[in-house]
Number of protein chains: 2
Amino acid sequence: MNKNYHVRAIPRMFEQVTRQIVDFITFGKLSPNSKLPTERQLSESLQVSRSSIREGLRILELLGYLSSRQGEGTFVSSPPSFLIPGHVLNHKIEAVELDRYFEIALMCVEKIVFLSLEKMKTGCITFPMPNDGETDPFWNKFMVLITSLGEQLSNPYYVSLFSHTFELLNENGYFLAKEKPFDFSVFRDALLAGNRGKTADFLMLLSAA
Amino acid sequence: MNKNYHVRAIPRMFEQVTRQIVDFITFGKLSPNSKLPTERQLSESLQVSRSSIREGLRILELLGYLSSRQGEGTFVSSPPSFLIPGHVLNHKIEAVELDRYFEIALMCVEKIVFLSLEKMKTGCITFPMPNDGETDPFWNKFMVLITSLGEQLSNPYYVSLFSHTFELLNENGYFLAKEKPFDFSVFRDALLAGNRGKTADFLMLLSAA
DNA sequence: GTCGATTTGTTCGTATGTATC
DNA sequence: TGATACATACGAACAAATCGA
């Protein structure tokens with residue numbers, strides 16, 4: 001009876017609405033500042049109530065996709081939004097786009113790793129247990145390590161941003177085809193030893209991966 | 001008649017709702033996984049319709065504040081969300097929290113600046129015009145410069161993240177009391193000359209500011 | 001400047017699906 | 001099985017803002 005609250009079998013109405021509208025914009029190639037159909041038109045063409053349409057519009061507005069103005073209408077925003085959650089999209093994100101998210105994740109990794117190395121000098125960093133899941137894929141182990149380090153920093157936003165980005169990449173199967181750039185245990189040992197130069201070298205390999 | 005669409009004089013109902021609920025959680029010190037009042041109770045106690053309550057709940061759900069489960073209720077999420085837009089909050093963000101956002105902004109600044117320096121070698125970076133607003137505050141000029149550089153990079157997310165964070169800091173008056181760490185024009189010249197070492201020195205001063 | 005049409009903002013009532021006991 | 005509590009969803013109505021004739 002493993003009840004997983006994170007998985008919702010049936011997407012709610014407003015979630016389907018957001019994806020439909022995103023599709024409408026992307027595939028219709030609507031340029032910024034162009035006008036969307038009215039709420040009533042959307043309600044009719046998608047066959048959902050106006051309330052559900054509005055819930056979807058609120059989501060996309062918060063994400064920076066749209067902006068609504070009373071008496072005028074709803075318009076495509078510019079510039080586009082950052083970090084669109086995967087569940088808002090119907091379609092897969094393009095590879096070039098995923099590469100950009102990967103760069104953001106790496107930026108956070110650098111910060112987390114080097115701040116951790118600094119903190120190690122005062123000897124108050126713990127590493128994740130070498131669990132039995134040694135058969136885990138490389139990128140899984142990497143994620144666990146970085147997350148564990150990041151959670152010990154005083155600024156929680158580095159790891160928060162990393163997690164969000166990494167999760168989005170994972171959801172889109174980004175790491176399935178991605179080759180592992182080095183042996184994970186060697187990287188972990190370099191970190192544990194506080195070897196800054198070697199760690200930096202590994203991170204260079206990462207961005208080339 | 002400078003009509004600024006970005007400023008909405010009267011907050012919409014659902015925006016007030018989000019702030020009320022955030023207040024309810026923060027000041028009521030509701031711990032993660034604790035249950036919120038039902039939508040009908042919120043509707044009655046805040047004297048707003050259920051539709052508006054729901055629009056507000058959708059926002060907070062997307063931000064990672066809450067999660068709703070049909071037949072059960074709405075619960076406070078854990079962990080808390082990253083980068084809460086200023087307009088979702090009623091109260092000022094605490095200083096220590098703002099410092100954390102500032103660190104995130106600086107992380108982006110570093111990336112934008114060093115990637116720009118790389119790109120300068122191929123000679124295809126333009127700097128913002130030295131406009132007449134030379135009396136602009138230091139941080140304004142800094143923001144304009146970094147944004148301008150970031151927009152010329154192939155990855156738009158660095159500047160997107162920087163803008164979001166910087167705007168949030170600005171909205172909260174973060175830079176009003178903050179001393180300028182160096183002379184802006186000197187920094188700009190160092191960048192223009194492609195002097196990597198000097199630029200790095202300036203960035204060090206920034207994180208100490 | 002006013003009027004009317006259009007569109008988002010907001011409310012209310014009702015019905016349905018789902019979880020808990 | 002039934003009862004209760006709750007989120008989900010719908011549709012109609014009215015208010016307020018915008019725009020053009």
Side-chain angles (χ1 to χ4, degrees), chain A residues 1-21 24-25 30 33-77 87-88, chain B residues 1-21 24-25 30 33-62 65-77 87-88:
Chain A
M1 289 302 154
N2 184 357
K3 181 190 231 168
N4 191 344
Y5 284 128
H6 296 277
V7 174
R8 193 184 294 271
I10 303 168
R12 288 171 288 183
M13 216 61 240
F14 80 89
E15 291 176 302
Q16 301 181 46
V17 168
T18 57
R19 294 194 281 217
Q20 295 279 352
I21 296 178
F24 182 84
I25 294 173
L30 264 63
N33 299 323
S34 58
K35 191 173 178 303
L36 254 68
T38 71
E39 295 180 352
R40 284 192 168 80
Q41 286 171 335
L42 287 171
S43 165
E44 184 153 0
S45 66
L46 300 184
Q47 288 293 301
V48 285
S49 72
R50 215 185 127 211
S51 312
S52 297
I53 294 287
R54 283 180 61 81
E55 287 185 41
L57 291 177
R58 289 293 85 80
I59 298 295
L60 295 177
E61 192 174 0
L62 183 75
L63 286 174
Y65 243 99
L66 310 172
S67 83
S68 297
R69 294 196 289 270
Q70 186 172 359
E72 291 187 70
T74 303
F75 302 84
V76 179
S77 285
H87 62 263
V88 173
Chain B
M1 291 306 152
N2 185 358
K3 182 192 232 168
N4 191 344
Y5 284 127
H6 296 277
V7 174
R8 194 184 293 271
I10 303 168
R12 289 171 288 184
M13 214 61 239
F14 76 89
E15 292 175 304
Q16 301 182 47
V17 168
T18 59
R19 294 194 281 215
Q20 297 279 354
I21 295 178
F24 183 83
I25 294 172
L30 263 63
N33 299 323
S34 57
K35 191 173 177 303
L36 253 68
T38 71
E39 294 182 352
R40 284 194 165 79
Q41 286 171 334
L42 287 171
S43 165
E44 184 152 359
S45 66
L46 300 184
Q47 288 294 301
V48 212
S49 74
R50 251 163 61 72
S51 309
S52 297
I53 294 286
R54 283 178 61 81
E55 288 185 37
L57 290 177
R58 288 293 87 78
I59 299 293
L60 294 176
E61 194 174 357
L62 183 75
Y65 242 98
L66 310 172
S67 82
S68 298
R69 295 196 289 272
Q70 186 172 357
E72 293 185 68
T74 303
F75 302 84
V76 179
S77 285
H87 61 263
V88 173

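Below, read A as the first sequence line, B as the second, and so on, with proteins coming before strands; counting in each chain starts at 1.
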Rounded to whole Å, how long is the line connecting atom [atom1] of [X] with atom [atom2] of [N]?
{"X": "B:Q47", "N": "C:dT11", "atom1": "CD", "atom2": "P", "result": "10 Å"}
{"X": "A:E55", "N": "C:dG9", "atom1": "CD", "atom2": "P", "result": "14 Å"}
{"X": "A:Q16", "N": "D:dT8", "atom1": "CD", "atom2": "P", "result": "13 Å"}

For this session: Give a yes or no on whether the backbone of A:V48 and the side-chain of A:S43 come within a donor-acceptor separation of less than 3.5 Å.
Result: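 Yes.
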
Exercise. Do A:R58 and A:E55 sit within salt-bridge range, that is, some charged N less than 4.0 Å from a carboxylate O?
Worked result: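 Looking at A:E55 together with A:R58, the answer is no, because their closest N to O distance does not fall below 4.0 Å.
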
Kindly point out which of [options] is positioned nearest to the side chain of [X]?
{"X": "B:R40", "options": "C:dT7, D:dA7, D:dG11", "result": "D:dA7"}
{"X": "B:R58", "options": "D:dT8, D:dC19, D:dA13", "result": "D:dT8"}
{"X": "A:S52", "options": "C:dT7, C:dT20, D:dA9", "result": "D:dA9"}
{"X": "A:E72", "options": "D:dT8, C:dC12, D:dC19", "result": "D:dC19"}
{"X": "A:E39", "options": "C:dT8, C:dT18, D:dC10", "result": "C:dT8"}
{"X": "B:R54", "options": "D:dT8, D:dC10, C:dT8", "result": "D:dT8"}

Once you round to the nearest 0.5 Å, how far does [atom1] of [X] lie from [atom2] of [Y]?
{"X": "A:L57", "Y": "A:L66", "atom1": "CG", "atom2": "CG", "result": "6.5 Å"}
{"X": "A:I53", "Y": "A:Q41", "atom1": "CD1", "atom2": "CD", "result": "11.0 Å"}
{"X": "B:S49", "Y": "B:M13", "atom1": "OG", "atom2": "CE", "result": "8.5 Å"}

Exercise. Closest nucleotide of DNA chain D for B:L36 versus for B:S51: which of these residues is on the 5' side?
Worked result: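 Taking each residue's closest nucleotide, the earlier one in sequence belongs to B:L36.
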
Problem set entry | Which residue lies more 5' along DNA chain D, comparing A:S49 with A:G71 via nearest heavy atoms |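 Looking at DNA chain D, the more 5' nearest nucleotide goes with A:S49.
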
Exercise. Under the 3.5 Å rule, do the base of C:dG9 and the side chain of A:Q70 count as making a donor-acceptor pair?
Worked result: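 Looking at the base of C:dG9, it does not pair with any donor or acceptor on the side chain of A:Q70 (distance under 3.5 Å).
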
Exercise. Is there a donor N/O on one and an acceptor N/O on the other, under 3.5 Å, for the side chain of A:R50 and the base of C:dG9?
Worked result: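 By the distance-only test, yes, there is a pair.
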
Exercise. What is the nucleic acid contact for A:S43, judged by heavy atoms within less than 4.0 Å: base, sugar-phosphate only, or nothing?
Worked result: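 No contact.
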
